[in-house]
Peer 1: 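Let me give you the structure first, and then I'll get to my questions.
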There are 2 protein chains.
Amino acid sequence: MEGKLKDHGYRATTGRKAILDVLTNTKKHLSAEDIYLKAHSDYLSIGLASVYRTLEILVNVGIVHKFNFRDRIARYELIKETNGKGSHHHLICTVCHKIIDYEDFVDEELALLKQTEKHLSKKYNFKIINHMTQYFGLCEECIKKEE
Amino acid sequence: MEGKLKDHGYRATTGRKAILDVLTNTKKHLSAEDIYLKAHSDYLSIGLASVYRTLEILVNVGIVHKFNFRDRIARYELIKETNGKGSHHHLICTVCHKIIDYEDFVDEELALLKQTEKHLSKKYNFKIINHMTQYFGLCEECIKKEE
DNA sequence: GTCCATGCAAAAGGTTTGCACAATC
DNA sequence: GATTGTGCAAACCTTTTGCATGGAC
């Protein structure tokens, strides 16, 4: 993964490695500040600005995916290359903003999405790199609270 | 549509009607500032803060959908009630940030999404209100530029 | 007439940028 | 040793909020 940085002419500095480490070893949907705080344990002097700069590079290089849910806080996660169904399927509660990742039923969904991808690529001459599906609605607790 | 405002206890003011008008009569993916600028032609004295306040209400009431693409600018569009396949399928170029809406192939896609929706609702006790699919990649022009 | 909505300006808060210093190759 | 990356603080820009005034019911 550090190799990918060097391939693109970027240096593999201690700070960047620390950030990659954080992304590798934690749950998803981390904000820049989350990453900044966690990276401190490995590498005390890192600054928030560098975290942002590194994340931008990682997104451009294709290692990291940047999300925007409903709020203005960007969230980041590693792109898993093992299969296409890693991570980008979410249930988002519009009341409490909780995010549930689901991994079920993704196989069948994926089959169709792949097919659609093929159609779309051809029709719009668009090179698809990845995708994201979001369902908006009410989570269990917020349904109860509404009653 | 104004009725829906009143049902929820909100007043149907001139400014709010102007905003609904803008949303009804323009293309999608408008930012708050876009709406603010366009609303000025109908209703000169409207302020940006009121646009934000109105948009928040419209989202809560379920008339408008709020999007976040890659940047920090929120975008808004009317929710079409006629069918489920109105609007929330996008191809997003990660280089030039162009957004292409596609309407093709949505029928089949929708069938599966609906099915997945049912499964997910049951499993997570989540009440799904709407969904969005985004494909990230490179648009035709940006592919050419890369060469 | 009461209460809600508005406009303006100021504040908030996530992200970006300028600059001198430090680290990498 | 040259160039790229970093930390800090200040700037930026979208969105939110406070408050006195205006408009809807």
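Just so it is clear, the values below take in all heavy atoms, side chains as well, and ignore hydrogens, waters and symmetry mates. Throughout, protein chains are lettered first and strands after them, A, B, ... in sequence-line order, and every chain is numbered starting at 1.
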Peer 1: Report the distance from atom CG of B/Asp71 to atom P of D/dC12, rounded to the nearest whole Å.
Peer 2: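 That distance rounds to 19 Å.
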
Peer 1: Of A/Phe67, A/Tyr102, A/Tyr135, which is the lone residue that meets ring-ring contact (aromatic ring centres under 6.0 Å, His included) with A/His90?
Peer 2: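 Option passing the ring-ring contact (aromatic ring centres under 6.0 Å, His included) with A/His90: A/Phe67.
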
Peer 1: Applying side chain to side chain contact (heavy atoms under 4.5 Å, CB included), run through A/Leu58 and A/Leu23 and close with a yes or a no.
Peer 2: CA-CA 11 Å; A/Leu58 295 177; A/Leu23 287 167; 4.1 Å; yes

Peer 1: Among C/dT17, D/dT14, D/dT6, which nucleotide sits nearest the side chain of A/Arg16?
Peer 2: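 So the nucleotide nearest the side chain must be D/dT6.
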
Peer 1: Quick check for you: among D/dT15, D/dT14, D/dG5, whose closest atom lies nearest to any side-chain atom of B/Ala32?
Peer 2: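 In terms of side-chain proximity for B/Ala32, the closest of D/dT15, D/dT14, D/dG5 is D/dT15.
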
Peer 1: With nearest nucleotide decided by heavy atoms, which residue, A/Ile46 or B/Arg53, maps closer to the 5′ end of DNA chain D?
Peer 2: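 That would be A/Ile46.
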
Peer 1: Between B/Lys6 and D/dA24, is there a contact of a side-chain N or O with OP1 or OP2 at under 4.0 Å?
Peer 2: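 It does not, given that no N or O in the side chain of B/Lys6 lies less than 4.0 Å from OP1 or OP2 of D/dA24.
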
Peer 1: Does the side chain of B/Arg72 get closer than 4.0 angstrom to OP1 or OP2 of D/dT15 through an N or O atom?
Peer 2: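 No, because none of the side-chain N or O atoms of B/Arg72 sits under 4.0 Å from OP1 or OP2 of D/dT15.
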
Peer 1: Once Watson-Crick and G-U wobble pairs under 3.5 Å are found, how is DNA chain C written in dot-bracket notation, 5' to 3', with | for any base paired to another strand?
Peer 2: |||||||||||||||||||||||||

Peer 1: What's the verdict on side chain to side chain contact (heavy atoms under 4.5 Å, CB included) for A/Leu138 and B/Ile128, showing C-alpha distance, side-chain angles and the deciding distance?
Peer 2: CA-CA 7 Å; A/Leu138 288 164; B/Ile128 291 171; over 6 Å; no

Peer 1: Could you check B/Ile46 against B/Ile19 for side chain to side chain contact (heavy atoms under 4.5 Å, CB included), going step by step and ending with a plain yes or no?
Peer 2: CA-CA 10 Å; B/Ile46 202 166; B/Ile19 290 169; 3.8 Å; yes

Peer 1: Look at the side-chain N and O atoms of A/Thr13 and state whether any lies under 4.0 Å from the OP1 or OP2 oxygen of C/dA23.
Peer 2: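 Looking at the OP1 and OP2 atoms of C/dA23, neither is under 4.0 Å from any side-chain N or O of A/Thr13.
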
Peer 1: Could you tell me whether A/Glu140 and B/Lys127 have a side-chain N and a carboxylate O separated by less than 4.0 Å?
Peer 2: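 The answer is no: the pair does not qualify as a salt bridge.
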
Peer 1: Just how far, in rounded Å, is P of D/dT14 from NZ of B/Lys66?
Peer 2: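 From B/Lys66 NZ to D/dT14 P: 14 Å.
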
Peer 1: Measure the distance from CG on B/Leu55 to P on C/dT6 and round it to the nearest whole Å.
Peer 2: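 Between P of C/dT6 and CG of B/Leu55: 11 Å.
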
Peer 1: Return the 5'-most residue of the pair A/Ala74, A/Thr14 with respect to DNA chain C, ranking by each residue's nearest nucleotide.
Peer 2: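 Checking each residue's closest nucleotide, the 5'-ward one belongs to A/Ala74.
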
Peer 1: The side chain of B/Ala49 is closest to which nucleotide in this list: C/dC8, D/dT15, C/dT17?
Peer 2: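 Nearest nucleotide to the side chain: C/dC8.
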
Peer 1: Given atom NE2 of B/His40 and atom P of C/dT6, what is their separation to the nearest angstrom?
Peer 2: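 Between P of C/dT6 and NE2 of B/His40: 14 Å.
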
Peer 1: Figure out the CD/P separation between A/Glu56 and D/dG5, and round it to whole Å.
Peer 2: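 Value for this atom pair: 12 Å.
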
Peer 1: Do A/Ile73 and B/Ile73 share a hydrophobic cluster (ILVMFWY, side-chain heavy atoms under 4.5 Å, transitive)?
Peer 2: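 A/Ile73 does not cluster with B/Ile73.
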
Peer 1: Salt bridge check: are B/Glu141 and B/Lys98 linked by an N-O gap of less than 4.0 Å?
Peer 2: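 A salt bridge is present here (some side-chain N lies under 4.0 Å from a carboxylate O).
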
Peer 1: Using heavy-atom distances to pick each residue's nearest nucleotide on DNA chain C, tell me which of B/Leu44 and A/Ser31 is more 5'.
Peer 2: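 Here B/Leu44 is the residue nearer the 5' end.
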
Peer 1: DNA chain D: B/Tyr52 or B/Tyr10, which has the more 5' nearest nucleotide?
Peer 2: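 That would be B/Tyr52.
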
